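Notes to accompany the following structure.
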Amino acid sequence: MTGVYVVGAALRPAGRHYGENIDDMAAEVLGKALADAGVDIEALFVASSTTELVNRQQILGAYILESLGIDKIPAFRVECGDGSGGAAVTAAYYALASGEYGCVAVVGVDKPNDVLSNQQVDVYAAVMDTYFERYFGFTPLSHAALMAKMYLKRHGYKYEDLAAWAVLMHERGAENPYAYFRRRVKLEDVLSSEYTSEPLRLYDVAPLVDGAAAAVLCRDRRDGPRIMSVAVATNAVPFNMRSEYDTLYSLREAAARAYKAAGISPRDVAAAEVHDSLSIFGVLAVEGLGLAERGGALAALKRGGLRVNMSGGLKARGNALGATGVYQLVEVAWQLVGREFKRADGRYGVVHSMGGVDRTSAVIVVGL
Amino acid sequence: MTGVYVVGAALRPAGRHYGENIDDMAAEVLGKALADAGVDIEALFVASSTTELVNRQQILGAYILESLGIDKIPAFRVECGDGSGGAAVTAAYYALASGEYGCVAVVGVDKPNDVLSNQQVDVYAAVMDTYFERYFGFTPLSHAALMAKMYLKRHGYKYEDLAAWAVLMHERGAENPYAYFRRRVKLEDVLSSEYTSEPLRLYDVAPLVDGAAAAVLCRDRRDGPRIMSVAVATNAVPFNMRSEYDTLYSLREAAARAYKAAGISPRDVAAAEVHDSLSIFGVLAVEGLGLAERGGALAALKRGGLRVNMSGGLKARGNALGATGVYQLVEVAWQLVGREFKRADGRYGVVHSMGGVDRTSAVIVVGL
Amino acid sequence: MRHESVPMYWRNIPQYYRLVAKRCRQCGAVYFPPALRCRCGSAELEDYDELPHEGRLVEYTVLYQVGTDFLKQKPLIVGLVELNGGVRAVGQIVDAQPDRLAPGTRVELVFRRVAVDGRHGLIMYGYKFRPVQP
Amino acid sequence: MRHESVPMYWRNIPQYYRLVAKRCRQCGAVYFPPALRCRCGSAELEDYDELPHEGRLVEYTVLYQVGTDFLKQKPLIVGLVELNGGVRAVGQIVDAQPDRLAPGTRVELVFRRVAVDGRHGLIMYGYKFRPVQP
Ligand SMILES: [Zn+2]
Ligand SMILES: [Zn+2]
């Protein structure tokens, strides 16, 4: 397999960007990534979850390219809900590995704040089974809450143990210039915040943010971190038929494949960004990536041994939905080389991008 | 480049399928294609345009796989509006050519009839620029009408010449068991039908149909027609800034690349399916593919020399939006081998899949 | 934001009203939501409308952040229920006080209004669960 | 079906109300809709609100199949207009009888209601064109 390298990237601070259209917001960050890379691209992969449901814009890539005056190159939108970012990076990787292209870009963009917060719940619920889950009012939050309750019970934790996740993420976010929340919080803040779906509270739910991130990927160039492997897996079992509720099946499968293809083990991971759209998913992702033993993530967190989400995760950086996976890729790549973030203590990093409640996961291994 | 082969396929008759959910409709046709191919797939590519705007379902692939009990394999949705089909086939092609997979499937599905016809206009308008076209009420139809008027004037045609397109498509559709319209029409029927956007009339507009189509693609297997090349191109110039209104820029670029990569010329094409969502687009596509000279498609049609859209095209088979490109691929593959359709008089076929008003085109060359 | 299109609601009424599932003729596995093919490989699945309407709560949550169609019903109690015989379903729990619920609470299926569609004025119904009074 | 979100409308008001474009500081090319980068390669684009408000019709059509927000205004006349100086725009043509329009008809920009948002009750405005009486 030929190598694929991250040769340029740019991030937009996550937030509420009421003043910009979705295509322009993507074009702005893509333009910066292209300038950072200093190469021309031959194709564009767009990761977006809300472009249709919020902005009613299909074929988004064409409008992004229009804004940049880049004509003729192909543009593909890849959608896997809030896991669109990892899926789009994977599709871009295949396009490069096929030999068809030398350099392509992935841009992730979403603008959930173009609608009001109750409508955001409607939009985010589109990752659920539309006929048998969304119809009844279920959301990613309700199902995450059920999983959280079962996880905490099974492994002998209290809610306070889970609340430590939000505290840690806010600590990390305070150091990330692109994060939406850049302030520390105390355990009491988390514990006294309102219930969103008990046992989960406000601080267990990552804020939906407007965000855009771009990475330029090239084949056979060695001036940047290397994407060692990508793997995507679907969990085709409906929520009510799951065997276990304290594990992420899609991640378990994708992680096994990605580690194997990269030839590394969890022990080699020095930087990791996981999909903590809900705190419990972050905890399960740490275990799914093998960075803690099953049921052991919160104990590891308590011991202070968790080197994940140095960005602050979705919890503090913000959940930019389809753009999130692209943020994560750039964050891990930059952590490995010590750009914008403190340099990671090792040569390998890993990204976990998830769509829906354990419906699909992408795992990307990045190495120096 | 390693070869990619169409080793199995299935089509759903286009129509109004009120009784089925979108995931089940896709699963049904995918199951048939898998049985036809007799192989297991390692990944799924989903082409759908309306899954979000009509059915509010993201991550559609996971729910299709759930219905078939196929766990773990990756699923990607690729969206380029009504050009999603060609784009998804292209992404699948890259995944195979990368060496990552031996066999994958592409399934296209859309259910525009889950909403009323005025709402269908809203949905289809999402391919337009959401801020500067859709906002003002413009639709693919209004812009196609402007192009039709300019094309007819420039090349000295009357509307009657264009009306012959619908007559020909209905003639072809009558022979296609999967077509929505299976009856011939007379020129007078077309000429007396109501205006939809003058000069275009009801018969110039392809009906939006519920449809699903699937193809199983394998690398290095020789028991089926071969995908010789795929190419996608974007036209990044907004409608009002176009240099010409009587040509499809995205198609011109994609066709040049696809022909070159396949090593064939338009003269070699024995079967072609083009995106005639509006009759004028079909005419321009014939010219864009080099199957008639510029301005010469309607003259060729009059002479009886047009061997395109033996399926009846979008006009008669129906426009299943994102599924259309997958229908087209299967139709061309089957025409080359004489399955379900009359056998084409040659070894090469070509598919044109378009998203929006000349915003993106995919061209796929198929050969024996 | 609209909740459902009319055909989407109409075609799922057997499932929404009576929990009609699919059962594999080969191995007997039951699928709710209905599937087209069994994980055993068989495509011979038949309609199965005899799922028990009683069961026990496995776990539940009280959901306060709801979509626009559910604002008036807020909060929703959402429960994972194991029906007698072992098939599980997720449903709203109604006529219940959250602090009296616990894993193991006996529940039964009831038929209730789910939401009102803003555009069509269509009232949509479906199954929910309620605790069985001991 | 909702037409627009409020921020989406609000942020494009300069374009909708006054046809504010972008102009390249390097080569002078004008972009409407506004672009971020010029096809000459320059990223130095400035706001340009001096597009002429008069021009001539290049071509037009009468659109009968319209979306839900436009049912009351049906049919719409949609025209491609070349503004004096050469920049083109597409807009609705109002105060006009279709059979009196032709390529070359002189038109001017007017400010009109575009649609009413069903959910927010927001009235959305924008430019349209009308024939200039000779
Ligand atoms: Zn079975
Ligand atoms: Zn310039």
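None of these values were measured; they are calculated from a predicted model. When reading the values below, keep in mind they use all heavy atoms of this one structure, side chains included, and skip hydrogens, waters and symmetry mates. Below, read A as the first sequence line, B as the second, and so on, with proteins coming before strands; counting in each chain starts at 1.
Put simply, of B:Ala126, B:Ala362, B:Ala62, B:Ala95, the one with the most heavy-atom pairs under 4.5 Å next to chain A is B:Ala126. For chain B, the option among A:Ile22, A:Asp82, A:Ile70 with the highest count of heavy-atom pairs below 4.5 Å is A:Ile22. The greatest number of non-hydrogen atom pairs below 4.5 Å with chain B, out of A:Asn235, A:Thr234, A:Leu44, A:Val78, is found for A:Thr234. Comparing B:Ile64, B:Val127, B:Leu68 by heavy-atom pairs within less than 4.5 Å of chain A, the highest count is held by B:Val127. Contacts with chain A were tallied for B:Gly356, B:Ala254, B:Ala75; B:Ala75 has the most, counting heavy-atom pairs under 4.5 Å. The choice from B:Thr360, B:Leu60, B:Asp129, B:Val237 that makes the most heavy-atom pairs within less than 4.5 Å of chain A is B:Asp129.
Side chain of B:Ser353 to main chain of B:Gly86: a donor-acceptor pair is present (N/O by atom type, distance under 3.5 Å, no hydrogens or angles). Between the side chain of B:Arg219 and the backbone N or O of B:Leu96, at least one donor-acceptor pair lies under 3.5 Å. Not one N or O on the side chain of A:Tyr5 forms a donor-acceptor pair closer than 3.5 Å with the backbone of A:Arg226.
Relative orientation of the B:Phe138 and B:His143 rings is tilted, given thresholds of 30° and 60° on the angle between their planes.
Proximity to chain A is absent for every atom of B:Val46, based on heavy atoms less than 4.5 angstrom apart. Residue contact with chain A, scored on non-hydrogen atoms closer than 4.5 Å, is absent for B:Tyr124. For chain A, no part of B:Glu42 is nearby; none of its heavy atoms comes within less than 4.5 Å. Within the 4.5 angstrom heavy-atom criterion, no atom of B:Tyr249 approaches chain A. Neither the backbone nor the side chain of B:Arg252 comes within contact range of chain A, judged by heavy atoms closer than 4.5 Å. With a 4.5 angstrom heavy-atom cutoff, B:Glu253 touches chain A only via side-chain atoms. Using a 4.5 Å cut-off between heavy atoms, B:Leu65 contacts chain A through both its backbone and its side chain.
If you check the side chains of B:Gln57 and B:Glu52, you find no donor sitting under 3.5 Å from an acceptor. Between the side chains of A:Thr130 and B:Asn55, not a single donor N or O lies within less than 3.5 Å of an accepting N or O. For the residue pair B:Asn113 and B:His17, no side-chain donor N or O sits within less than 3.5 Å of a side-chain acceptor on the partner.
When each of A:Ser84, A:Ser49, A:Ser48 is paired with A:Asp110, the side-chain hydrogen bond (donor to acceptor under 3.5 Å, both in side chains) condition holds for A:Ser48 and for no other.
Between the CZ atom of A:Phe76 and the CD1 atom of A:Ile59 there is a distance of 13.0 Å, given to the nearest 0.5 Å.
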